[in-house]
Structures are given as C-alpha cells and as structure tokens.
Amino acid sequence: MKKLSQLSALLSALLFSVCIYAGDIEVAGAWSRATTPGQDAAMADMTITSKYAAKLVGVATPVAQTAELHSMTTENGMMKMRQVKEIELPAGKAVNLGSAGYHLMLIGLKTQLNAGDNVSLTLTLQVGKGKPVKLKTSAEVKPLTEVKAEPMQDEHMHMHHH
C-alpha cells in the first residue's frame with residue numbers, strides 16, 4: 001500500500017509538471033524598440049500571466065551577450081535601476097513588466113535591432129518547488145518613432161554599465 005501511495009504522489013507530480021508546459025503561463029505583448037547604430041543595450045517589455053504562483057528568475061537571448069531582470073524605482077526624486085534576481089508572478093494576475101517597474105535588459109547586443117524583427121527570448125520561471133520551466137517567446141521590434149520611451153529610459157541605456 002505504501003508503494004501505491006508513493007507511485008500516486010509521483011504521478012501527481014508528473015501531471016502537475018505537464019500542466020505547466022501546457023500553456024498555464026502566458027506571455028503577451030512582448031516588444032522592444034529598434035536600436036540605433038552602435039547602441040549596445042535594449043530593453044524588452046511584456047505581460048506575463050501564470051495560472052500558478054511563480055517567479056521569473058532568468059532570461060536569455062541569442063541577440064545579446066547577456067540578458068538581465070531589472071527594476072526601476074524612484075528614490076528621493078532620483079530614478080534608480082537595478083538588476084534583480086527574480087520577479088514575482090502572483091497566481092492568475094497579469095504582470096506587465098513595464099508598468100510594474102520591471103523590464104528585461106538585453107546587454108551587449110550582437111546586432112542592431114531593426115523595426116519588424118523579432119527577438120527570440122527564453123524565459124526561466126520557477127513554479128512552486130518544482131524544476132525551473134523554460135518558456136520560449138519572442139519580442140516584436142517596434143520602430144523608434146512608434147514607441148514613447150519611459151522617462152530616463154535612454155539614460156538607463158547609456159548609464160547601464162555602473
């Protein structure tokens with residue numbers, strides 16, 4: 001009977017994992033703006049909705065040497081941007097990285113991002129205590145004139161290497 005309980009627990013865990021891969025995490029509206037010649041960093045924004053409480057713990061892209069999770073806050077009237085280890089994704093709540101004070105930074109761009117391109121991104125999410133889940137998505141590159149920059153966004157691009 002004990003072995004049957006263990007087998008049942010194992011099967012339940014496997015089914016839970018399958019559910020995560022079956023579309024319980026949705027990425028919508030992913031975008032970045034076109035870069036200018038010589039620009040070595042860009043930001044990416046998106047909205048992530050997870051059926052289960054989760055954390056965004058990493059991002060990777062073939063178009064940049066590195067990609068990081070960043071927060072943007074205002075302290076004493078000064079805009080502060082910092083790398084963070086994770087971004088909380090409450091169960092069932094859409095989290096827009098731009099309006100939530102978070103964004104993804106693509107650093108050390110290997111090529112210029114041109115309007116109409118799509119930037120391939122691999123997000124790493126931690127759902128519960130299970131193994132991290134990799135989710136592939138892409139961000140549409142919008143023309144410079146179509147996207148209004150957040151205040152201080154350009155300064156962040158140039159002052160990133162702190």
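Just so it is clear, the values below take in all heavy atoms, side chains as well, and ignore hydrogens, waters and symmetry mates.
Closest of all the heavy-atom pairs between Ala91 and Ala53 is CB-N, 3.4 Å. In plain terms, the two heavy atoms of Met79 and Thr74 that are nearest each other are SD-OG1, 4.2 Å.
Rounded to the nearest 0.5 Å, atoms CD1 (Ile48) and CG (Leu135) are 8.0 Å apart. For the atom pair Met81 CE and Met72 CE, the distance stands at 5.0 Å (nearest 0.5 Å). To the nearest 0.5 angstrom, Arg82 atom CZ is 5.5 Å from Thr73 atom OG1. Residue Ser32 holds its OG atom at 10.5 Å from NE2 of His103, rounded to the nearest 0.5 Å. The structure places CE of Met43 at 8.5 Å from CZ of Arg33, a figure rounded to the nearest 0.5 Å. Taking CG from Leu104 and CG from Leu123, the interatomic distance works out to 7.0 Å, rounded to the nearest 0.5 Å.
The side-chain heavy atoms of Val127 and Ile25, taken from C-beta on, include a pair separated by under 4.5 Å.
There is no path of hydrophobic side-chain contacts, each under 4.5 Å, that joins Met46 to Val57.
A distance-only check finds a donor-acceptor pair linking the side chain of Gln126 to the backbone of Gly128 [under 3.5 Å]. Under a 3.5 Å cut-off, the side chain of Thr49 and the backbone N or O of Gly92 do not form any donor-acceptor pair.
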Are Lys134 and Lys136 close enough, and set up right, to give a side chain to side chain contact (heavy atoms under 4.5 Å, CB included), and what steps lead you there? CA-CA 7 Å; Lys134 301 279 186 183; Lys136 293 191 181 292; over 6 Å; no
Could you walk me through whether Val141 and Asn114 satisfy the side chain to side chain contact (heavy atoms under 4.5 Å, CB included) test, starting with their C-alpha distance in whole Å, then the side-chain angles of each, then the deciding distance to 0.1 Å, before giving a yes or no? CA-CA 6 Å; Val141 179; Asn114 297 301; 5.7 Å; no
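For the side-chain contact (heavy atoms from CB on, under 4.5 Å) test, residues two or more places apart in sequence or in another chain that qualify with Pro90 are Lys93, Val95.
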Donor-acceptor list for residues 105-113 side chains, cut-off 3.5 Å, not counting sequence neighbours:
from   : atom 1 : to    : atom 2 : distance (Å)
Gln112 : NE2    : Thr35 : O      : 2.9

